[in-house]
Amino acid sequence: MHWADFRAQRLSERDVPQVIVSGITPSGEFHIGHLREILTAEMIHRACLDAGLDSRYVFIVDSMDPLRRVYDFLSPEYEKYIGVPLAYIPSPNPDGTPSTGSVSYAEYFLNPFLESLREIGVFPEIEMNHEAYEDGRFSEKIDQAICNRKEIREIIMTVSGRELPEDWFPYSPRGPNGSMDGVKVTDYEYPFVSWVNEDGVTGTADIRKADGKMPWRIDWAARWIIHQVTCEPAGKDHGAAGGSFDTGIPICEVLGGIPPEKIVYEWIQLKGMGPMSSSSGVTIGPMEALSLVPPEILRYVIARSKIGRHIEFDTGSALFEMADEYERLLSRVETGEISKRMQTRIDTRKGALRLSQVVRNSDPSDSIAGVSFRHLSMLAQIKSSDEEVWESLRNSGHLSGNPSDSLVVRLTKMRNWIGGSHFPEDARIIIQSVIGDDFRENTSEEQKIFLRRLSKSLEDCEWNQDSIREVIRECTSICELVPRDGFSSLYWALLGRGHGPRASALISEMDKRVLIDLLSGV
RNA sequence: GGGCCUGUAGCUUAGUCAGGUAGAGCACCGGGCUUUUAACCCGGUGGCCGGGGGUUCGAAUCCCCCCGGGCCCGCCA
């Protein structure tokens, strides 16, 4: 059984409408890791729907979270916004200075992410957390938290092992400049929290408005109640012993709610490749990933891995295997005796495939391209026009008639991939400029004779695939070479390796003069 | 110091919750395809399941210990 289906089954034991939630702080550029947060929850949501449960999927944007520090991409002017909720500070300009527009910092980073989500078929209900504060939806829980602050303080100290000051308060009011930093609570009388800041300025915060917020551990527990959350998978940072999940559960109970079951997912790690390496600090964003990878494959990356396992996101050669694995699963038919374990595996993979579809309940077979990534990458490199790629696929029997939409999309993304830095070098077709040492080490005298003859014959050859193929065939035959050896030597000369894509196609894409010059070096 | 995840063929892994002779894919090797040598089809090699102990008729699976790898643990998310 797939993990999402397993989760749905567990959730069905609680006979209430399911509210599956993700929460992310829009403090900067979203990255591929956030997709796991989103997709883990969204797939559980879909699994619930598939199991006939009443379910909603809500993305709570932590727009009430304060700016913590001036990040590298921000100008020093942001200093004055530290401690101010992200919903109330201006978005940065490209140069890092605060903009004067109406788009908030939170929205600025959120919006492009939402666009990516649409592309992978995720349509959450968006809940801006600051609006819940503005609307007073938190007020009852804030009041309760304040009234039970001794108990909550005790929970946090016991569970997390952290020491909290005697005058700890479960609500951080915002001071005169909108920041929560350096503001101390002096008194509380519903609905007003009195405060004093570092300069001795005093004021009151109305808990029915966004005049302040609860610290994260309480905020999280409270929102479970406010939104009737039944499931919220959290990153491993929340999952550590004494982490916010462990304190959230009892705090939620103190506030009169039933907490969701603890679900913790592992991080996605970036596998460095070429100039993009984790050490250089370059991350890959969802948009960038989507320009290279078809959306269903991106979903599959998440769906195929168990929640508790690291995922290495690799835009290099592993992507070939990932994509081809996806295709294989669809065409594979298990035969023979099927053991219990095999059945488990088959069911799990079927689930992964089902949940990888961009459009829920669509037939996975509609998303297959019918050709491997590797083969397509080769054609995309040697054929400059898309039509020639389709033609080649028709000739090879991969395609009949016109290409499917998914295949067209795939070729587009393939061209992006090849054109960018993430494409694996060993899959790149590089025509040699001169005959290299590799060639000499791997070819016999007979093969060299063959190539000289071929070079000569090609001089008068009509420059199309069929003619070129015919010439190669003739030459191998005349030289009494096994075709295999003939081709092999040709690849060593052209590519510096012993094998390659269909030689006639490759050569027809080359300039005749360049080719003959190259072969003259044999 | 506390905790979480993880260790299964060269590589990526399934199977661990509900114990019953270890399944894949990639790579590799061999064969076929007499116009597709990174296409396609068929077959094959390869695992004392990290190590040790225990429970059991039987352990990759349950329990204990050890070793290796990844990660989290002020505030804040």
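It should be emphasised that the depicted structure is a prediction, and the values quoted were computed from it without experimental measurement. A note on names: the letters A, B, ... follow the listed sequences, proteins ahead of strands, and every chain is numbered from 1.
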- If you pin A:S244 and A:T476 to their nearest nucleotides in RNA chain B, which one's is more 5'?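 Per heavy-atom nearest nucleotide, the more 5' residue is A:T476.
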- Item | All ring-ring contact (aromatic ring centres under 6.0 Å, His included) counterparts of A:W3, not counting sequence neighbours | none
- Message: For A:Y108 and A:Y105, I'd like to know if the aromatic rings sit close, meaning centre-to-centre distance below 6.0 Å.
- Response: no
- Task: Run the ring-centre check on A:W417 versus A:F320 and record whether the distance is less than 6.0 Å.
- Result: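 So the answer is yes for these two rings.
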- Got A:N197 and A:K184 here, is their nearest side-chain heavy-atom distance under 4.5 Å?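 Side-chain contact under 4.5 Å: no.
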- Message: Quick check: do A:I24 and A:V61 have side-chain heavy atoms less than 4.5 Å from each other?
- Response: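 No, too far: nothing below the 4.5 Å cut-off.
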- Note on the structure: Here RNA chain B, pairs taken as Watson-Crick or G-U under 3.5 Å and shown with ( ), [ ] when crossing and | when to another strand, reads (((((((..((((......[..)))).(((((.......))))).....(((((..]....))))))))))))....
- Message: Consider side chain to side chain contact (heavy atoms under 4.5 Å, CB included). Of A:S305, A:P294, A:S356, A:P364, which one does A:Y300 pass it with?
- Response: A:S356
- Side-chain donor-acceptor pair present, A:D219, A:Y171, cut-off under 3.5 Å: no
- Message: I need a per-nucleotide contact map over nucleotides 1-16 of chain B, read 5' to 3'. Cutoff is protein heavy atoms under 4.0 Å; write B for the base, S for backbone only, - otherwise.
- Response: --S-SSS-----SSS-
- Query: Contact class for A:I429 vs. all strands (heavy atom < 4.0 Å): base, sugar-phosphate, or nothing?
  - Reply: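 A:I429: base contact, heavy atoms under 4.0 Å.
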- When you compare B:C29 with B:U13, how far apart are their P atoms, in angstrom units rounded to a whole number? 24 Å
- Item | Exam field: side chain A:H227 to backbone A:W224, donor-acceptor pair closer than 3.5 Å | no
- Which of the following nucleotides, B:A39, B:C71, B:C76, is nearest to the side chain of A:R68?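 Selected nucleotide (nearest to the side chain): B:C76.
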